[in-house]
Amino acid sequence: MIKMNQVIKPRQLGVKIKEFFVSRMVTIVFIAICLLCFRFAGLSFTFYMRDIINRLSRNLFLILALIIPVLAGMGLNFAIVLGAMAGQISVIIVTNMGIGGFPGFSLTLLIGLPFALVFGYLIGKLLNKTKGQEMITSLIAGFFANGVYMFALLILVGTVIPLTNPVLLLSRGYGIKNTVDLQGGLKYSLDALFQRPLPQTLFYGGLFFLLILSILLLIKKMYIKKGNGILISNARLIGYGVLALVIAVAGFLLQRSDSTLNTVNVPIATFGFIALLCLFNMFIVRTKLGQDFRAIGMNQHVAATAGINVNKTRVIAMVISIVFSAWGQIIFLQNLGNLNTYGSHSQVGIFAIAALLIGGASVTKATVGQGILGAFLFHTLFMLSPMAGRNLLGDAQLGEYFRAFVAYGVIALSLGMYAWKKQIQSSSAEEIESDLD
Amino acid sequence: MELLRSKLQEFGAARTLIIMFLLLLLAIALAVGISPVGLLGDSLVRLGMNGVLVLAMVPAIISGIGPNFGLPLGIVCGLLGVLVAIELQLMKFWAVFGAMAIALPLALLVGWGYGILLNRVKGSEMMVATYVGFSAVFLMSIGWLTLPFKSPESSWFIGGGLRVTVSIMDRMGKVLNDFLSFNIGELVVPTGLLLFFLILCGLMWVFLQSKAGMAMKASGINPRFAEASGINVNRNRIAGAILSTVLGAIGIIVYAQSFTYLQLYRAPMWMGFHAVAAILIGGATVKTAKVSHVILGTFLFQGLLVVALPVANNIMTQGNLAEITRIIVSNGIILYALTQTRKGGAKL
Amino acid sequence: MNNYLLEMRGIGKVYGSTRVLNNINLSVSPGEIHALLGENGAGKSTLMNILFGMDVIHSTGGFEGEVFFDGVKREISKPADAMELGIGMVHQEFMLLPGFTVTENIKLNREITKKNWLNKLFPGRLKSIDRGQMKRDAIKSLEAVGLGIDEWLPVQGLPVGYMQFIEIARELDKTGIKLLVFDEPTAVLTEEEAAGLLKSMQEIANNGIAILFITHRLDEVMTVAHKITILRDGQLVDCLDKENTSVAELARLMVGREVKRVVQSRELTDETPTILSIKNLKVKMPGELVRGIDLEIKEGEILGIGGLGGQGKIGVANGIMGLYPASGEVLLRGEKLPLNNPYNALNSGLAMVSEDRRGVGLLLSSSIAENIILTAMHINKQFVWKIGPLTLRSDRRIREHTQKYISQLDIRCTGMRQAVRSLSGGNQQKVCIARALTLNPSVLFVSEPTRGIDVGAKNIVLQTLIKLNREQGITIIMTSSELAELRSICDRIVIMHKGKKAGILSPDASDVDFGLMMAGEYDQIKNKGAS
């Protein structure tokens, strides 16, 4: 056995704590801003909960669609706008057919799929041509596609593309209306499938969580015996258990009280869908494909030398992301209840990305947890800042501009930090090399 | 034949396509009976109006920070200049040049900070610039609401904050356009406007011939060569950012006096993109740019929009065909330029 | 009938019009450690590229000769073919992913998927990974290389020495590996780590795996190799058994070449004044670190700096010119030269023709004229005229000057406005020299002046250097990988080894001395001789 004279030092606790806070700086600042906004917005907790649950249910899917390209080293996928367009095209087609409810929703997902696959493939190919500039390319590609999308829906529909439903068409006979009402059609087609009051959801949710934890506890021993390492640490198990118990108890108590929270409904079916996506993301990381994503994300050259088809894998990552964002947009629209044909998709990329970054993600690392936390914070801010602005300075506009500034600013900040870090790293790499002797 | 093909290749497929498209639109326009003189007149005005903003791309590109997507930074400085000029009750030429004088130090300062920032994020300039520009637009939107401007021309009567569009027709509207303006038949030539634009172009051209300009060019084309020639690359990049920001500020003032309205809040967001698209159409790449690219590109891009608008209106009365054309053309050309970068890089 | 594992017969390779390999034969038996010895550019990597079926070979017209593996003639047309035969490569630069654990790196793209029923439903890449099995495999191959390390650690933050072993473990983990190629594996290791590696190699060979060991460290060759093949300039020089040779012989075979002296060497005496005095110069140039050298450069001499690649010879000029971070002391005619400041270096009368012609030396898209005058314009404010605050370029003066150099150096071009990109390598090099001369330097650094240019242009470049030195008295410091070239025009030659000065030789010193010094064995052998 070879003995090496270097020792790998464990990092000190103080350094660890400092790192913990420094790396979560953005998130911590936003928690503070959100608390401030809540304080000045003068909003009842019930109202807040109703709104935030709504917003989470319609936005989370889109945010989680961003994770796989980050994993594959392609940065923040500004091109989810294309996915959103695919979703909207599908919504229009299904509305034209006049099919509503859950069957309509399922059909929308299905019809959106081929569009998203094609868009994802094209954008993946494009990004392979512009390696190293993926983010700016995906951003501009989104703008460009928007022009083509407008051309298709505003000019071609009714003239070249046969579509006759007067609910959709502008009075002039061609072009889709600016706003398409989904009432009686796709509106709440998923949400209404299964919803329950918040306290009840908490109670059963808590119990369900406890059940999963106990199953984990049971298979844990078996897992270790097979020599696969630790499944989950005891401390975590206990922590989660206590948390689940508290949630269940709180739900139970609220259910019995006459709290107004009992009027808040949770669209469990929608959250079920989101949970499925989370599971998919977790699953994919454990597969060969996920391993390849991570490998090309770290170093394309090394991955290629090991025989991984880098370009193909990148296209797959892109296709997955675009398909999910198409579905995400459909979920978004069925909750919103109306389609702003030429506007609903345009901000999707920016808001989803800003939310993900606020949750603590970066250009090179993003997790499901960060997505959920970020969605929660960003939409709290989104909802509250106009109100806080009005209460503080008598102008709701101010809050609106503030939240737009925050969305763009946090992206600028994150991109800047990423580029700066890269610069520092490349210079310190030389440093290390010269310290060899 | 070979020669023709290589010439065509040098000219670029995208540019050829755009010119063909423009010719097609022009043919349709003439066919449906739109006055070509009117179109030319509009194009000339638009050239002078947008030209300076496009010219702002030149120092940015040649100093190596790339097409300046962060142009809104300069634009908000210019807007501030005009607002202060209104507040000071300046009139006509005093208003235009007063606004420029006020905007200049602001733009210098902002450009300097911007340059330092861009030096920290080498390799990701375009992306960072885009988002810094966007966030500046919204930061200033908060500013437009809260800054203590009092003039009734620019602010709402009730409540605080500036108007979304401020009419400056009476104060400084078309001051440059009308200067020495003359008619050839029905064609109105905005002499002052074009003159101002061409003088700035001339100055830029002279700068590019100077020792400082050549050093800046070298730092953009090949930073390592520049470094080895004793040229301070980072300082040149900062200078490029400052020049670009200053030209952005001047550009928006020229634009506004011709447009006769000052557009605040969200309006500056996309101006950077349009300027980038214009210079790329003119033949610039993300690494090289010339003054001639500015003139040709602005003329082509704006000409396209000028011709597209009446044609579109003629074909279909409602519909934003002109706007759609603008979106597709401007983003298409930027996208095309991005796909060409790596090829160019490989050759280097 | 023989029982060689690998036989390469009559291998030749031509890139464009240059022949890089000619009629090479190489045979390796199972369990043999076969060293492949040669300078940079001797053709070792091309030979390996052929063995691995790399794309560079096939996209440039293939190669001559035949490759036999396990006694059967093989067509290796892509790296995967080589892999399938059981040929593995341990790269010089680490092919490891820092964020992956040791296990994940060992199993990179050869991950084991789970065998349970659920997984069988999923197509190809959607199968789950069996981390447990991967871990057990990783531990096994780590043991085989003899590295005691936890398999779950991320590679990031591990000492450099470990990484080489992980690379080897990865190759050993591949099933059916029969031949392992080590490409200068000890280049970045400490002595101790290198010794460990060599031991590990011997163990691997004892298990019947053949090893091709590419290196230029002669002592390592003598420690572990059974057979030694020496290449020089694409030719097979010899194939020897270790028992029948010595370090000195290997050194001679590696560098020995016919040298044609172009000019008389100049006599340097103690009275010749020193123009540049270098004390403890350290340069942080990645891949070419200079770890502290002292050098006295005499006025009017042509000093050569030689050595193998990566030993720091390139770093010296780059450090003095301020292109890479440097420390130490440099005196120019007794006055201290501020380091890390290219402007100052140029301004003090130093000039450089860079080894990276296309990267540092030229503005490829600009004209010949611009390339020639730009530096002088910036440094000496030549070729300009002033109006008011503006300093404008003077096209007339630029034209005159450029014309002068175009005819003087015989730059073949369509005119001074031609873009440098479209010139041939030799003419580009002349533009670089013209640019340096425009500065009127008293000391000229020339790095790799003949790299990548044809023979005719080579001679012109060397003649030009001699002329500048003899007629204009410019002191020239020439860095080159081609020892013969240094020996043909230099007055003294410094050999660099491991970032330090291994010694100074006269151009007519013996091949053995040069070879030993380049391999870093000069002092050892000479001392042995003395004792």
Side-chain angles (χ1 to χ4, degrees), chain B residues 2-3 6-7 9-10 12 59 61-64 199-200 202-236 239 243 283-291 293 340-348, chain C residues 317-318 321-324 340-348 350-366 369-371 373-395 398 419-422 432 435-436 438-439 445 447:
Chain B
E2 268 303 302
L3 190 76
S6 76
K7 280 279 174 208
Q9 212 151 32
E10 202 177 299
I61 292 177
I62 62 156
S63 66
I199 288 174
L200 283 184
L203 285 178
M204 180 57 69
W205 187 81
V206 170
F207 171 72
L208 293 182
Q209 305 304 310
S210 73
K211 176 169 166 280
M214 289 184 70
M216 188 184 272
K217 238 184 338 193
S219 3
I221 300 173
N222 185 349
R224 291 172 64 206
F225 174 94
E227 211 69 82
S229 290
I231 295 168
N232 188 332
V233 173
N234 279 352
R235 203 191 293 157
N236 271 312
L243 263 179
T285 68
V286 292
K287 282 198 164 157
T288 54
K290 287 188 209 159
V291 174
H293 296 152
Q340 299 301 304
T341 352
R342 227 158 50 104
K343 260 188 229 158
K347 253 190 246 163
L348 278 174
Chain C
N318 279 295
M321 294 304 293
L323 302 187
Y324 285 93
N340 302 317
N341 187 337
Y343 184 90
N344 251 321
L346 292 165
N347 210 16
S348 319
L350 307 184
M352 176 179 179
V353 176
S354 171
E355 72 288 347
D356 187 359
R357 197 162 56 222
R358 298 167 77 80
V360 178
L362 293 169
L363 293 171
L364 286 173
S365 51
S366 301
E370 228 166 292
N371 269 285
I373 56 100
L374 203 106
T375 310
M377 186 184 203
H378 185 74
I379 302 294
N380 300 339
K381 307 190 177 42
Q382 281 172 288
F383 313 111
V384 294
W385 53 287
K386 286 189 161 237
I387 30 166
L390 282 170
T391 313
L392 295 180
R393 70 175 190 200
S394 156
D395 283 332
I398 291 174
V420 180
R421 186 193 302 282
S422 56
C432 289
R435 182 166 74 95
T438 306
L439 288 161
F445 291 93
S447 294

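Computed from a predicted model, the values in this text were never measured in an experiment. Below, all heavy atoms of this structure are taken into account, side chains as well, without hydrogens, waters or symmetry copies. In the text below, chain A, chain B and the rest are named by the order of the sequence lines, each starting its count at 1.
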### Query
Checking B:Asn222 side chain against C:Gly359 main chain: does a donor-acceptor pair fall under 3.5 Å?
yes
## Note on the structure
Rounded to the nearest 0.5 angstrom, the CG-CZ distance for C:Leu363 and B:Arg224 is 12.5 Å
#### Entry: Side chain, backbone, both or neither of C:Met321 within contact of chain B (heavy atoms, under 4.5 Å)
neither
### Task
Name the region of C:Ser366, side chain, backbone, both or neither, that has any atom closer than 4.5 Å to a heavy atom of chain B.
side chain
## Note on the structure
Max heavy-atom pairs within cutoff under 4.5 Å with chain B, candidates C:Val384, C:Leu362, C:Leu323, goes to C:Leu362
### Note, B:Lys211 side chain near C:Leu392 side chain (heavy atom, < 4.5 Å)
no
## Note on the structure
Here the gap from B:Phe225 atom CZ to C:Thr375 atom OG1, rounded to the nearest 0.5 Å, amounts to 4.5 Å
### Task
Measure the OG-NZ distance between C:Ser365 and B:Lys287 for me, rounded to the nearest 0.5 Å.
9.0 Å
### Task
State, yes or no, whether a side-chain contact exists between C:Tyr343 and B:Ile231 at a heavy-atom distance under 4.5 Å.
no
### Query
Is chain B contacted by the side chain of C:Ile373, its backbone, both, or neither, given a heavy-atom distance below 4.5 Å?
side chain
### Query
Side chain of C:His378, backbone of B:Gly230: donor and acceptor closer than 3.5 Å?
yes
#### Entry: Modelled atom types, side-chain donor and acceptor of C:Arg435 and B:Ser229, under 3.5 Å
yes
### Query
Is it the backbone or the side chain of C:Asp356 that comes under 4.5 Å from a heavy atom of chain B, or both, or neither?
side chain
### Query
chain B: which of C:Ala351, C:Pro342, C:Gly322 shares the most heavy-atom pairs with it under 4.5 Å?
C:Pro342
### Task
Quick one: pull up CG in C:Asp395 and CD in B:Gln209 and give me the separation to the nearest 0.5 Å.
7.0 Å
